[in-house]
Amino acid sequence: MAFESSFKAIDMTLRHDEGCSTALDYVEQSSWVLFLKYLDDLEKTREQAAELEGKRYERIINGDYQWHEWAMPLDAKGNYDRARALVGDDLIEFVNLKLFPYLQKFKENYAVDTIEYKVGVIFSEIKNKMSSGYNLRDVIEKVDELKFQTAENRHEMTQIYEDRLRQMGNAGRNGGEYYTPRPLIRTIVKSVNPRVGETIYDGACGSAGFLCEAYTYMHDKPGLTSSEEEVLQTKTFYGKELKGLAYIIAMMNMILHGVQSPNIVRTNTLSENLANIQPSDQKDVVLANPPFGGSEREEVQQNFPIKSSETAYMFLQHFIKMMKAGGRAGIVIKNTFLSNGDATALRRKLLEECNLHTVLDLPSGVFTGAGVKTVVLFFTKGEPTQKIWYYQVDKHFTKTNPLTEADLADFLAKQKSCEDSESSWSVDVADLGEDLDLSVKNPHKVEEVDERTPAEIFDNIKNLNDKASDLIKECLVWDLWPDNNDDGLEDLFAEPYDDEEDEEVEE
């Protein structure tokens with residue numbers, strides 16, 4: 001695949017640039033170059049369409065700031081004029097002192113709902129980190145090889161771009177906040193089934209995965225009219241994001257997917273008092289995976305009738321308030337919400353104000369590297385819950401064996417009729433106790449009970465540790481010493497353990 005090999009080559013170049021040190025930098029820096037190339041191809045397509053209609057097209061980016069002027073200058077025959085191409089310090093100076101300031105002014109000169117304004121926002125938030133103009137020239141030339149002028153091109157590009165976001169999500173604690181596995185998102189979108197004319201909202205949108213997938217789902221349905229396309233472009237998708245890099249990636253991700261003027265705001269969603277949310281603010285569909293495990297200042301907690309320091313619980317209250325009557329939601333949340341005593345009042349609110357019709361139970365390996373178990377809550381606002389249908393995904397997922405849409409196909413098939421099976425069952429809310437414990441308890445499976453005594457368990461662990469130590473010593477003797485002797489072996493095991501050195505290697 002051209003896109004995949006190009007992105008790998010770009011990352012290799014960025015690894016050798018002093019200004020880029022992490023996978024987050026690679027995604028961020030290649031993204032702004034990729035975005036400008038995509039924008040140039042989009043302008044060419046619009047220009048050609050206008051020409052066929054005998055109309056004149058006004059470019060978004062003009063003069064010396066067009067791609068074929070500063071990035072890939074062309075000669076009279078339309079070929080790359082390498083002699084005119086800026087490189088080294090000249091290229092860095094142009095980008096930092098001319099190109100970025102030019103694009104930043106779009107934010108001041110255009111209306112909020114235009115693509116020009118969004119371009120201005122992006123380049124006001126992002127900075128060029130590449131320190132070598134030779135590396136930047138190399139990245140530009142590799143990006144220029146990519147074409148975005150057909151639907152197939154754009155589809156391939158967005159698939160690879162999503163994979164890069166997944167890699168960014170696995171790059172560290174911060175990056176992990178930006179990414180939810182796309183097979184899970186697509187399944188949630190299919191289950192909730194958003195329709196053209198409805199508004200879609202994610203108040204913790206990260207890289208805008210839910211909004212992008214919802215757009216693709218709605219846009220790809222046959223028979224879409226031009227007026228419906230206009231509705232999808234301008235009056236359908238709404239997001240909020242606090243963190244700068246995630247906000248910028250979200251904007252670019254949506255534009256790259258085809259939404260040319262994303263309605264995404266950079267803000268702390270939780271700082272908004274629930275009492276101030278008006279009916280005109282409410283949306284038809286909420287799709288989200290809010291951050292959990294975090295906390296907010298006490299003054300922020302005062303914005304919510306049910307007090308909690310857990311960000312996910314505050315977000316859930318926010319989402320319920322943001323839904324119209326009859327609105328639908330698919331929300332990922334840590335499975336401890338189902339039984340945590342601190343969440344009893346929130347569970348009561350959810351069950352009384354909404355119909356929590358489905359709980360999808362996911363194993364810990366779904367979110368690679370996170371090591372947490374999550375569930376997806378599917379509910380409709382405006383009527384109390386009578387019965388909850390549970391589905392348990394009983395499969396082990398790893399980095400090399402990730403979740404796929406096929407793994408969730410049975411869930412979608414059985415959800416239509418709330419079918420009872422070995423992996424699915426229903427619970428009457430009337431049978432719940434006072435604490436409204438919604439824990440996943442599959443009645444079709446009997447959990448094995450470990451009947452060993454604590455002393456027997458301890459002895460078993462000790463024996464396993466002894467065997468592991470013996471195996472390690474054998475490997476060191478036979479694999480690391482060609483002469484198969486143990487000279488110096490005692491010295492090796494006598495080496496003091498250096499915490500700082502080990503931590504540095506891990507990072």
Would you say that Trp425 contacts Asp420 through its side chain, given a criterion of any heavy-atom pair below 4.5 Å between the two side chains? yes

Side chain proximity check, Val121 to Arg266, heavy atoms < 4.5 angstrom: no

From CA spacing to verdict: side-chain hydrogen bond (donor to acceptor under 3.5 Å, both in side chains), Ser131, Asp17: CA-CA 7 Å; Ser131 60; Asp17 193 280; 3.1 Å; yes

Ion pair Glu353/Lys321, N-O distance below 4.0 Å: no

Could you tell me how the ring of Phe106 sits relative to the ring of Tyr102: parallel (under 30°), tilted (30 to 60°) or perpendicular (over 60°)? perpendicular

Over 12 non-hydrogen atoms of neighbours within 6.0 angstrom of NZ in Lys334: no

May I ask you to check whether over 12 heavy atoms, not counting those of Lys307, lie within 6.0 Å of atom NZ? yes

Between Tyr110 and Val119, is there a side-chain heavy-atom distance shorter than 4.5 Å? no

Given Phe379, which partner from the list Ile388, Leu350, Asn355 fulfils the side chain to side chain contact (heavy atoms under 4.5 Å, CB included) test? Leu350

Does NZ or CZ of Lys283 lie under 6.0 Å from the centre of the six-membered ring of Tyr238, at an angle within 45° of the ring axis? yes

Only counting residues at least two apart or in another chain, list the ones meeting salt bridge (charged side-chain N to carboxylate O under 4.0 Å, His left out) with Glu422. none

Between Lys37 and Asp41, is the closest basic N to carboxylate O distance under 4.0 Å? yes

Would you call Leu360 and Ile188 a side-chain contact if the rule is heavy atoms closer than 4.5 Å? no

